[in-house]
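Quick note: residue numbers are just sequence positions, from 1.
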Amino acid sequence: MASFKTMTSIFPHFSRTTPCLPWRSRTHIFYTFLLLLSLFFLSTSFNQRSPLALALATRLRFAANYLASFTSISSSNTCIVSDVRTNCTLSSVTAVERTNNVIKDLTSCDIFNGNWVLDDSTPAYIPGSCPYVDDSFNCFKNGRVDFSYVRYRWKPFDCQIPRFNGRKMLEMLRGKRLVFVGDSLNRNMWESLVCSLRESLRDKRRLFEVSSRNEFRTQGFFSLRFSDYECTIDFIKSPFLVQEWKISDNSEISRETLRLDMIQGSKYSDADIIVFNTGHWWTHQKTGKGKNYFQEGSHVYDRLEVKEAFTKALKTWAQWVDSNIDRKNTRVFFAGYSSSHFRKGQWDTGGNCHGETEPISNETSLAAYPWMMSILESVISEMKTPVFYLNITKMTAYRKDGHPSIYRPLEIPRTPGMFQDCSHWCLPGVPDFWNELLYAALLISGHDLQK
């Protein structure tokens, strides 16, 4: 009873300060959810109103009040295709149904050349709601209270891309296997897609783990099955794409090398869709120095420049794809380099990005195009297998505000000089739009994925 009285005494205060909510808006529903949840934590007598409950209530109330500002952004019809007869007034639903027009519009547009715009819609999934977000990417759980980083949407300059439709994508994936192969940035993308698709399920209990989290920790493999659609979405850890190796010298001391002539694993050649990536691990100290690390056959190079090693590795990957992938049945994607935003150092030398709350607004302030992507583009151009290049480098270069920074898992002490994460991305956040572009790319390459 005391809890009820507390809630009823608080509610009039919020009703006086909260704008009237049009229930047709998904943003306002999300706003109301956070508001009611904060009221619950403020009013509950659970654990004598513990500091944890009060802290969470404060964070939720902050989020609710912040998201209320979305009401000041005027809504407008989202046009995916131009229609001169109606002055571009097609609704997003109508446009998606006109698939042929969407594909025609997208195929003539560089969907990776654009900017980030404020958007009056909720995230693809509620912050903190998806159990498949790694703690390292769960900025809401880890205490980040500014939500500006979820208020932006990627918009190409020359066209409109369809908004992500989870149910439609699941229909496209019915009976299929989609595999992400690469480093932790690809895991960022995999988790984002799984959470976005999960949000569209009527019964979320119909999503099952095929492999355990322990299997991921020990073998670098995680698989989830959407039972109602008979499709699986997997992640396979392979940060270099080529094989990490160990050799022993005459003193029988083992040391690590990287086999530039051998692909790492091959348990996904029969997948229907494969999304590869690599990049960040090639910037680490060991690869950068290139001393007694790169190996071909039994030969270990005394020294090999990292650019040459990267080229050799990608050519090994390309040859494997051309030799092992059935081009008639499997679509291949490669996600480009995801930009980092360390200030005054790198991840292990005091680099930081804490306090960033807005994207870079001036294109001239973006970092130079990564040398790795120029090599990738050259290798892809010579392949027999069609590869759709998800060139996310520019779109991520703007988003200095979207990283976890100091909001690491709670067991990591938040102390001055702590390692900040300015490479990965908060979820929900930037990777959700990589998947929106993947969705658009699937529409371009064959929206029904029929074989």
Side-chain angles (χ1 to χ4, degrees), residues 26-27 30 77-81 90-93 95-99 101-103 105-107 109-127 130 132-133 137 149-173 178 180 185-201 233 273 275 277 331 333-336 338-339 359 388-399 401-402 425-447 449:
R26 293 172 63 234
T27 298
F30 179 42
N77 288 332
T78 300
C79 301
I80 297 177
V81 295
L90 295 175
S91 70
S92 58
V93 174
V96 171
E97 289 174 349
R98 300 184 184 186
T99 307
N101 288 336
V102 173
I103 295 174
D105 189 44
L106 293 176
T107 54
C109 171
D110 180 0
I111 60 177
F112 305 104
N113 185 31
N115 59 7
W116 293 91
V117 296
L118 284 171
D119 183 61
D120 182 21
S121 62
T122 58
Y125 40 95
I126 296 172
C130 182
Y132 300 107
V133 173
F137 311 147
Y149 64 94
V150 299
R151 292 188 61 183
Y152 293 91
R153 182 172 189 260
W154 178 252
K155 184 182 183 304
F157 289 130
D158 299 325
C159 62
Q160 299 256 8
I161 54 177
R163 288 186 181 271
F164 183 88
N165 185 321
R167 290 182 183 174
K168 183 174 179 64
M169 187 163 185
L170 281 169
E171 285 294 345
M172 294 165 66
L173 296 175
L178 167 58
F180 289 83
L185 275 305
N186 233 19
R187 191 172 87 245
N188 232 176
M189 186 177 181
W190 172 76
E191 292 179 9
S192 163
L193 180 61
V194 166
C195 292
S196 298
L197 293 175
R198 176 182 178 273
E199 189 70 13
S200 70
L201 294 178
I233 302 181
I273 304 169
V275 181
N277 95 312
R331 287 173 172 78
F333 294 83
F334 203 109
S338 172
S339 300
F388 196 107
Y389 178 32
L390 294 169
N391 190 356
I392 61 173
T393 300
K394 181 179 179 180
M395 67 183 297
T396 56
Y398 285 104
R399 294 305 305 274
D401 59 314
W425 303 94
C426 296
L427 292 179
V430 172
D432 300 332
F433 295 95
W434 305 350
N435 286 310
E436 192 165 81
L437 295 180
L438 175 63
Y439 174 63
L442 289 173
L443 290 175
I444 294 171
S445 64
H447 70 280
L449 297 179

Minimum-distance pair of heavy atoms, taken over all atoms of Asn277 and Phe334: CA-CE2, 3.8 Å
Straight-line distance of Leu437 CG to Ile161 CD1, nearest 0.5 Å: 4.5 Å
Closest approach of Pro156 to Ile111 (non-hydrogen atoms, all atoms of both residues): CG-O, 3.6 Å
Distance-only side-chain donor-acceptor flag, Ser338 / Trp425, under 3.5 Å: yes
Set of residues satisfying side chain to side chain contact (heavy atoms under 4.5 Å, CB included) with respect to Asn113, sequence neighbours excluded: Asp110, Phe157, Lys394
Distance in Å, Leu201 CG paired with Leu197 CG, rounded so as to fall on 0.5 Å steps: 7.5 Å
Cys109 side, atom SG; Asp158 side, atom CG - distance, nearest 0.5 Å: 5.5 Å
Whether Trp154 and Tyr398 hold their rings parallel, tilted or perpendicular, with breakpoints at 30° and 60°: tilted
Check: Lys168 main-chain N/O paired with Asn165 side-chain donor or acceptor under 3.5 Å: yes
Residue pair Cys195, Val133: steps toward the side-chain contact (heavy atoms from CB on, under 4.5 Å) verdict: CA-CA 8 Å; Cys195 292; Val133 173; 3.6 Å; yes
Donor-acceptor under 3.5 Å (Asn188 side chain, Pro431 main chain): no
Euclidean distance, Glu436 CD relative to Arg163 CZ, rounded to 0.5 Å: 7.0 Å
Results of salt bridge (charged side-chain N to carboxylate O under 4.0 Å, His left out) for Arg399 - residues two or more places apart only: Asp401
From Asp119 atom CG to Arg151 atom CZ, the distance as rounded to the nearest 0.5 Å: 10.0 Å
Heavy-atom pair with the smallest gap, counting every atom of Leu390 and Ala441: CD2-CB, 4.4 Å
Which atom of Leu443 lies closest to which atom of Pro162, heavy atoms considered: CD1-CG, 3.5 Å
Contact summary for Met189 and Val275, nearest pair of heavy atoms: SD-CG1, 4.4 Å
Euclidean distance, Tyr152 OH relative to Phe433 CZ, rounded to 0.5 Å: 12.0 Å
Minimum heavy-atom distance between Pro428 and Tyr149, given as atom pair plus value: O-CE1, 3.3 Å
Under the side chain to side chain contact (heavy atoms under 4.5 Å, CB included) test, residues paired with Ser200 that sit two or more places apart: Arg167, Leu170
CA sep, side-chain torsions, deciding dist, call: Met169, Leu193, side-chain contact (heavy atoms from CB on, under 4.5 Å): CA-CA 10 Å; Met169 187 163 185; Leu193 180 61; 4.0 Å; yes
Within-4.5 Å side-chain heavy-atom neighbours: Trp434 and Thr396: yes
Partner set under ring pair (Phe, Tyr, Trp, His ring centres under 6.0 Å) for Phe388, not counting sequence neighbours: Phe333
Ring pair (Phe, Tyr, Trp, His ring centres under 6.0 Å) against Tyr132, all qualifying residues, sequence neighbours excluded: none
Residue list, side chain to side chain donor-acceptor pair (under 3.5 Å) with Ser196, at least two apart or on another chain: none
N/O donor-acceptor pair under 3.5 Å between Glu199 side chain and Tyr125 backbone: no
Carboxylate-amine/guanidinium proximity below 4.0 Å for Asp432 and Arg153: no
side-chain contact (heavy atoms from CB on, under 4.5 Å) assessment of Lys155 paired with Trp116: CA-CA 6 Å; Lys155 184 182 183 304; Trp116 293 91; over 6 Å; no
Audit row: Thr122, Val150, side-chain contact (heavy atoms from CB on, under 4.5 Å) steps and yes/no: CA-CA 8 Å; Thr122 58; Val150 299; over 6 Å; no
